[in-house]
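Below is one structure, written out as structure tokens, with a few remarks after it.
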Amino acid sequence: MDSKFLKPYNSQETEGRIYEAWEESGLFNPDNLPGDRPTPYTIMMPPPNATGVLHMGHALGLTVEDVLIRFKRMQGFAALWLPGTDHAAIATQARVEKDIAKSEKKSRHDLGREELVRRIDEFVEGSRSTIRSQIRVMGSSCDWSREAFTFDEKRNFAVNTMFKRMYDAGLIYRGHRIVNWDPKGQTTISDDEIVYEERKDKFYYLKYGPFVIGTARPETKFGDKYVVMHPDDARYAEYAHGQKLTVEWINGPIEATIIKDEAVDPGFGTGVMTITPWHSAVDFELAEKHGLDKEQVIDWYGKLLPIAGEFAGMKIGEARDKIIEKLSEKGLVDRIEDYTHNVSTAERTGGVIEPQIKLQWFVDTEKEFALDHSEIPGIAAGVPITLKKLLRTAVESSAISIVPEHFNKTYFHWIDNLRPWCISRQIWYGHRVPVWYRGEEIAVGFLPPGEGWTQDEDTLDTWFSSGSWTFSTLGWPEATKDLAKFHPTDVLETAYEILFFWVARMILMSGFALGQVPFRTVYLHGIIRDAQGRKFSKSLGNGIDPIEVVGKFGADAARMALLVGNTPGTDSRMSEDKIKGYKHFGNKLWNITRFILENTDESDPNAPLTDTDRALRDELDALAADITADLDAYRLYLASEKIYHYIWHRLADVLLEESKVIFAGEDETAKASRRVLLVSLLRSVLILLHPFMPFVTEEIWQNLEDTEGFLMVAPWPVPASPAA
RNA sequence: GCGCGGUUAGCUCAGUUGGUAGAGCAUCUCAUUGACGUUGAGAGGGUCACAGGUUCGAAUCCUGUAUCGCGCACCA
């Protein structure tokens, strides 16, 4: 027996060394795996943002993915887990701009586009290498030879190709539409990048000619020359659609036009409203419908424009009070009420969103097109379909299943509320919109030959590029071997928070580009909270750094703590005590090994098993089948607990205790049988525990005399069922 | 407002197709030079949020209520 078993298990000494050995073996790459492996099993790592360091959520994701990939690798699949990082355009640029502002007191405009992008590239390079090493620390058995970055040359080619194909199919268009404008970040953002903050404001009832209208935003009302009511509202039956009347307003009389539309809720307020098409999505649609004028009232920095007369140049907040003051003097304020509502703010900058009309690029999710090839059930090639329908069908047809299942409803609910997806951003870091202009000419996708072309200034929403992650990583648009073999992928494992941001966009892009689903299963994990149930945050300072935890307790312990009892889609709490418990477990296994080795020196491998021992062997085989079924059904929280429970409370507490009595007795047949049994059980539990605690199991395996090669590729005892 | 979840032991949470309520931690008792610096055996502790219903049988299925959390839409 190796003398190292005489001391407690030391994760610090072991884990780095084992990881290096795995990496050098080349076995993370499915091309190098032993035996004939016709069936692929693929997971694309959700690329962590290249903005900093890994947090507990990443650690959980990496652990779940690694358990699945190790399980399937041992089961004989050509297992590919492809790692990568995300350039996360807005987040990264915001981060670097902040750093520069702090250290050099310079803005991006001081630096210029080229220099800022160069600085960001530099930052990202450093950040990516940090992330790479952190992914390794968790024990992730991913194929580094295929590593990808959402903003490298290959991915840029894929993005430009995708843009061109969607443009040619009529699904991408440029238009003046209402967008979410972030005056602080000076960019548009998508609906999903908005966070709502509850605020208490005033709600003003203003006299507008013969009407009383309600508004929370008097500062937008200067241009309001349309007054809208429901056509069936008896109170206003005397007014006809299109009728004009002159009303006294903020800066004097204006001509108002009556519009009748069913969009107005007669039961809300007075049942009458005026509209501001430039600064409200609902009003914009009304204006489009009736062909009304639209006028900008607030500029790109949140200040009032000349239309506001004496209020021009004022910030919104300042103007609001003064306007009400003036209206009040003019006797036009009917009453003021308190009002609680949600204000839209930009997730990244905290700026209050100002809806604005802007010339932007959009993806149209309701326009019909046809796929020339489809493997998605319910969608036939050549038959007209919309992206919205595609998104729905992929999940409705069970081509994709979501774990836990109830997120299906959330997904459908989101699709039903989907609006055109604004994909252009006014930031400098990221894939630049692949469109070039020359006079009246426009070129899409790639820079055409010839002089005088100017590229669109905007960049693309980062989710536009990560939408193609499952296949751009495999070489698309080239028809590579990898693409043919590994796509569609098997599982997409991610946080439920980005179901829409990312998961839906991948379904959309994969469906459009390949006529395939991007993955067969979506496994959504919950948020990891602290012991008090709070979200980890910088301001609270309650973060548990996974890397620190691993240093202290080992990656194996951290992995188990993240897995056991943590059901998909449910938030869970993390405390050092829990992690410590599993460090103890690693040491328990270490000592079980020691006991078995000490008592089986003279083991005769050919000795027959007694009936009792045979039954004990069968018991573990049954457990193996059970654990396999749990893993196939994504019940990792049960599988991990079951093998833990067996090792500690069955193997150690019962079987080893019993064995002490047997070894102390006179029955040589029972002794011989028990030696064989214990060695056999030890080997089996190492295999079954390996996906969960890869380091300590591999280390023990390497130190057993009768084992060869890596535990990492030892055959799993239960073969894959044909259906799975 | 619409939708989705949670409510089970002091705490954190499991409970897969309905079949005698479980784990870890905590508490208490006992044992212990032992494979274990990190041990074992045992005990106490639960009207499974509440009210109805279906069923031979409900933590589990159905209806409703309360309460907490989340998502979406936000209404002029």
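Every chain is numbered from 1, with letters handed out A, B, ... down the list of sequences.
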Rounding to the closest angstrom, what is the interatomic distance between A23(B) and G15(B) at atom C1'? 10 Å
Between G6(B) and G53(B), how far is it from one C1' atom to the other, in whole Å?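 Their C1' atoms lie roughly 23 Å apart.
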Would you please classify the geometry between the [Y] ring and the [X] ring as parallel, tilted or perpendicular, with 30° and 60° separating the classes?
X         : Y         : answer
Trp590(A) : Tyr9(A)   : tilted
Trp414(A) : Phe500(A) : parallel
Phe585(A) : Tyr582(A) : perpendicular

For [X] and [N], give me the distance from atom [atom1] to atom [atom2], rounded to whole Å.
X         : N      : atom1 : atom2 : result
Asn10(A)  : U38(B) : CG    : P     : 16 Å
His584(A) : A35(B) : NE2   : C1'   : 17 Å
Met560(A) : C25(B) : CE    : P     : 13 Å
Ile700(A) : C36(B) : CD1   : C1'   : 13 Å
Phe407(A) : G3(B)  : CZ    : C1'   : 12 Å
Asn591(A) : A35(B) : CG    : P     : 10 Å

Taking only residues two or more places apart in sequence, or in another chain, which ones meet [X] in a side-chain hydrogen bond (donor to acceptor under 3.5 Å, both in side chains)?
X         : value
Asn180(A) : Asp191(A)
Asp201(A) : His341(A)
Asn591(A) : none

Among [options], find the nucleotide with the atom closest to the side chain of [X].
X         : options                : result
Lys583(A) : U38(B), A76(B), C36(B) : U38(B)
Pro8(A)   : U38(B), C4(B), A76(B)  : U38(B)
Lys588(A) : A35(B), U38(B), C4(B)  : A35(B)

For nucleotides 70-72 of chain B, give me every protein contact, N/O to N/O, under 3.5 Å, one pair per line with atom names.
{"from": "C72(B)", "atom 1": "O2'", "to": "Asn417(A)", "atom 2": "ND2", "distance (Å)": "3.2"}

State plainly whether the residues [X] and [Y] are in salt-bridge range, i.e. N to O under 4.0 Å.
X         : Y         : answer
Lys660(A) : Glu658(A) : no
Arg683(A) : Asp706(A) : yes
Arg392(A) : Glu396(A) : yes
Lys389(A) : Glu366(A) : no
Glu288(A) : Lys294(A) : yes
Glu285(A) : Lys289(A) : no

Readout for nucleotides 10-22 of chain B: B = base within 4.0 Å of protein heavy atom, S = sugar-phosphate only, - = neither; 5' to 3' it is --SSSSB------
So [X], base contact, sugar-phosphate only, or nothing? Heavy-atom distance under 4.0 Å.
X         : answer
Asp577(A) : nothing
Val264(A) : base
Phe203(A) : sugar-phosphate
Leu656(A) : base
Ile592(A) : base
Thr274(A) : sugar-phosphate

Lys671(A): what forms a side chain to side chain contact (heavy atoms under 4.5 Å, CB included) with it, not counting sequence neighbours? Ile662(A), Phe663(A), Glu668(A), Arg675(A)
Just jot down the side chain to side chain contact (heavy atoms under 4.5 Å, CB included) partners of Arg573(A), sequence neighbours excluded, or say none.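 Testing Arg573(A) for side chain to side chain contact (heavy atoms under 4.5 Å, CB included), a comparison that skips the adjacent residues, returns none.
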Both His406(A) and Thr270(A) contact RNA chain B. Taking the nearest nucleotide for each, which residue is further toward the 5' end? His406(A)
By ring-ring contact (aromatic ring centres under 6.0 Å, His included), which residues pair with Phe211(A), not counting sequence neighbours?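 By the ring-ring contact (aromatic ring centres under 6.0 Å, His included) rule, Phe211(A) matches Tyr236(A), Tyr239(A).
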Could you work out, with ring-ring contact (aromatic ring centres under 6.0 Å, His included) as the rule, every residue matching His406(A), not counting sequence neighbours? none
Report yes if a donor N or O on one partner sits less than 3.5 Å from an acceptor N or O on the other, where the partners are the side chain of Glu657(A) and the base of A35(B); otherwise report no. yes
Runs of at least three Watson-Crick or G-U pairs with RNA chain B, cut-off 3.5 Å: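 Paired runs of 3+ in RNA chain B: B:1-7 with B:66-72, B:10-13 with B:22-25, B:27-31 with B:39-43, B:49-53 with B:61-65.
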Residues touching RNA chain B, which here means a heavy atom under 4.0 Å, drawn from residues 645-654 of chain A: Trp648(A), His649(A), Ala652(A), Asp653(A)
If you take any heavy atom closer than 4.0 Å to RNA chain B, which residues from residues 277-289 of chain A end up in contact? none
So, for Tyr205(A) and Phe203(A), is the gap between ring centers shorter than 6.0 Å?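 Close enough - the centres of the two rings lie under 6.0 Å apart.
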